[in-house]
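In what follows, every heavy atom counts, from backbone to side chain, and hydrogens, waters and symmetry copies are set aside. In this chain, residues are counted from 1 in sequence order.
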Amino acid sequence: MLLKRLSELNGTSGAESHVRNFLRQHIEPFVDSVNIDKMGNLIAVKNGHLTGPKVMVAAHMDEVALMIIDITSDGFLKFRPVGGIDARILVSKPVLINESIAGVIGAKAIHLQKRSERQKALTFDQLYIDIGAKSKDDTSGKVKLGDYAYFMTKCEPFGEGLYKGKAFDDRAGCAILADLLKKDSDFPFVAAFTVQEEAGLRGAKVAAYHLAPDFAIVIEGTVAADVSDREEEGWVTELGKGPACSLMDRATLYSPKLIRWVTDVARQKEIPLQFRRGSSGANDAGPIHVSKAGIPTIVLSVPCRYIHSFASVISEKDYTACLNLVYELLKGFFIYAEGYRD
């Protein structure tokens with residue numbers, strides 16, 4: 001399964017090469033051309049000889065991870081997050097460094113903590129990675145400052161029609177985009193597998209400026225908080241209700257006309273669709289939609305429980321519905337673009 005392969009690859013912001021190389025090999029037989037820009041984005045053109053509006057479909061390759069910033073005198077590794085990670089979820093979790101060195105995230109044992117310490121959540125300064133080394137010299141021979149530590153999680157079926165794994169934000173989007181490129185189609189589009197989204201939406205800014213598309217679709221993973229300790233209005237999205245269409249977020253106000261068209265297509269094709277109830281966070285649409293003279297952009301996201309953690313959960317129904325909806329939108333962009341006025 002493509003999603004499993006992508007989920008289990010390691011590649012954080014600025015270190016996406018394993019993911020990029022795998023995707024390039026996977027999609028090359030199905031596209032006109034593939035290239036890597038100076039930023040590291042993987043750009044593929046599908047049916048470039050056909051006429052029609054230039055549509056860019058983007059999904060980011062990078063995942064959240066941990067960067068090693070110090071080695072203590074007794075051989076433990078200090079770290080900082082790359083991307084948004086909640087320090088409270090990290091203690092006792094296994095990680096992998098340099099694709100071969102296993103470690104465990106540790107902290108002072110609870111029975112050694114003062115009462116005041118136990119009443120506060122652990123911070124990154126209180127955590128370290130234990131690789132079983134005996135000294136700083138022992139550790140320094142295996143790990144260097146600037147190396148990355150990744151979550152160790154297998155992607156596998158979970159419950160009824162669900163999958164659990166790491167990096168679904170946004171390897172689910174990458175898998176959908178790769179599946180779109182493999183489909184037989186009679187419309188042109190450009191796929192942009194972007195870099196450094198988790199570190200500031202950087203790769204998409206370069207890709208959008210260079211490609212200068214007429215329209216853009218961003219395929220993302222987004223928060224699903226449909227769990228028992230949250231009121232329904234705070235769920236943001238729900239698993240099993242289809243992809244989530246964003247209305248606004250911290251970086252983008254989405255075109256009402258474009259949103260109405262997406263909603264109409266989903267209804268006509270009987271594809272489930274929900275709206276993202278929340279405006280926090282941002283994604284690659286932020287730099288894309290303000291590139292050059294402006295690019296009408298829409299975001300469709302696969303809802304993801306426990307996002308940016310060791311084990312996230314998505315629905316296979318949502319994944320399939322997102323794939324089908326983006327395909328239908330790409331088929332209809334030629335007609336839509338004829339009458340588009342913002």
Which atom names give the shortest non-hydrogen contact between [X] and [Y], and what distance separates them?
| X | Y | result |
| --- | --- | --- |
| Thr12 | Val64 | OG1-C, 4.1 Å |
| Leu181 | Lys46 | O-NZ, 2.7 Å |
| Leu50 | Phe187 | CD1-N, 3.7 Å |
| Val195 | Gly40 | CG1-O, 3.3 Å |
| Gly75 | Thr139 | O-OG1, 2.7 Å |
| Gly11 | Tyr150 | N-CE2, 3.4 Å |

More than 12 non-hydrogen atoms from neighbouring residues, nucleotides or ligands closer than 6.0 Å to NZ on Lys241, yes or no? no
Taking Val302 as the fixed residue, which of Thr222, Leu239, Ile176 is the one that meets the side chain to side chain contact (heavy atoms under 4.5 Å, CB included) rule? Ile176
Partner of Cys245 by side chain to side chain contact (heavy atoms under 4.5 Å, CB included), out of Leu325, Thr263, Ile298, Val299: Ile298
With rounding to the nearest 0.5 angstrom, report the [atom1] to [atom2] distance, [X] to [Y].
| X | Y | atom1 | atom2 | value |
| --- | --- | --- | --- | --- |
| Phe189 | Ile217 | CZ | CD1 | 9.0 Å |
| Met61 | Asp170 | CE | CG | 11.0 Å |
| Leu145 | Ile69 | CG | CD1 | 8.5 Å |

Has the side chain of [X] got a donor or acceptor atom that lies under 3.5 Å from a matching backbone atom of [Y]?
| X | Y | value |
| --- | --- | --- |
| His308 | Gly84 | yes |
| Asn21 | Ser17 | yes |
| Asp32 | Gly48 | yes |
| Asp37 | Met39 | yes |
| Ser7 | Arg5 | no |
| Lys78 | Leu127 | yes |
| Glu8 | Cys155 | yes |
| Asp214 | Pro53 | no |
| Lys144 | Ile68 | no |

If the threshold is 4.0 Å, N to carboxylate O, is there a salt bridge linking [X] and [Y]?
| X | Y | value |
| --- | --- | --- |
| Glu238 | Arg277 | yes |
| Arg171 | Glu63 | yes |
| Asp179 | Lys182 | yes |
| Asp125 | Arg80 | yes |

Between [X] and [Y], a side-chain donor and acceptor under 3.5 Å:
| X | Y | result |
| --- | --- | --- |
| His210 | Asn41 | no |
| Gln196 | His60 | no |
| Asp74 | Ser135 | no |
| Glu197 | Asn283 | no |
| Ser301 | Arg276 | no |
| Asn10 | His18 | no |
| Tyr254 | Asp249 | yes |

Below 30° counts as parallel, above 60° as perpendicular, anything between as tilted: where do the rings of Tyr128 and Phe76 land? tilted
Which word best sums up how the rings of Phe22 and His26 line up, parallel for under 30°, tilted for 30 to 60°, or perpendicular for over 60°?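 The arrangement is parallel - the two ring planes meet at less than 30°.
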How would you list, by chain and number, every residue that makes a ring pair (Phe, Tyr, Trp, His ring centres under 6.0 Å) with Phe310, sequence neighbours excluded? Phe151
Would Phe215 and Phe333 count as a ring-ring contact (aromatic ring centres under 6.0 Å, His included) if you check the C-alpha gap in whole Å, the side-chain angles of each, and the deciding distance to 0.1 Å? CA-CA 9 Å; Phe215 298 93; Phe333 255 119; 5.0 Å; yes
Salt bridge (charged side-chain N to carboxylate O under 4.0 Å, His left out) partners of Lys331, counting only residues at least two apart: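 If we apply the salt bridge (charged side-chain N to carboxylate O under 4.0 Å, His left out) test to Lys331, skipping adjacent residues, the hits are Glu328.
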Out of curiosity, does [Y] fall in the hydrophobic cluster containing [X] (side-chain heavy atoms, cut-off under 4.5 Å, transitive links)?
| X | Y | value |
| --- | --- | --- |
| Leu96 | Phe168 | no |
| Val34 | Val45 | yes |
| Leu177 | Leu201 | no |
| Tyr306 | Phe158 | yes |

Take Asn47 and Asp186 through the side-chain contact (heavy atoms from CB on, under 4.5 Å) test and state the conclusion after the steps. CA-CA 7 Å; Asn47 294 332; Asp186 58 359; 5.7 Å; no
Go through Tyr163 and Val313 one step at a time and tell me if the side-chain contact (heavy atoms from CB on, under 4.5 Å) criterion holds. CA-CA 6 Å; Tyr163 281 88; Val313 177; over 6 Å; no
Between Thr252 and Met248, is a side-chain contact (heavy atoms from CB on, under 4.5 Å) present by the stated rule, with each step listed? CA-CA 6 Å; Thr252 310; Met248 67 175 291; over 6 Å; no
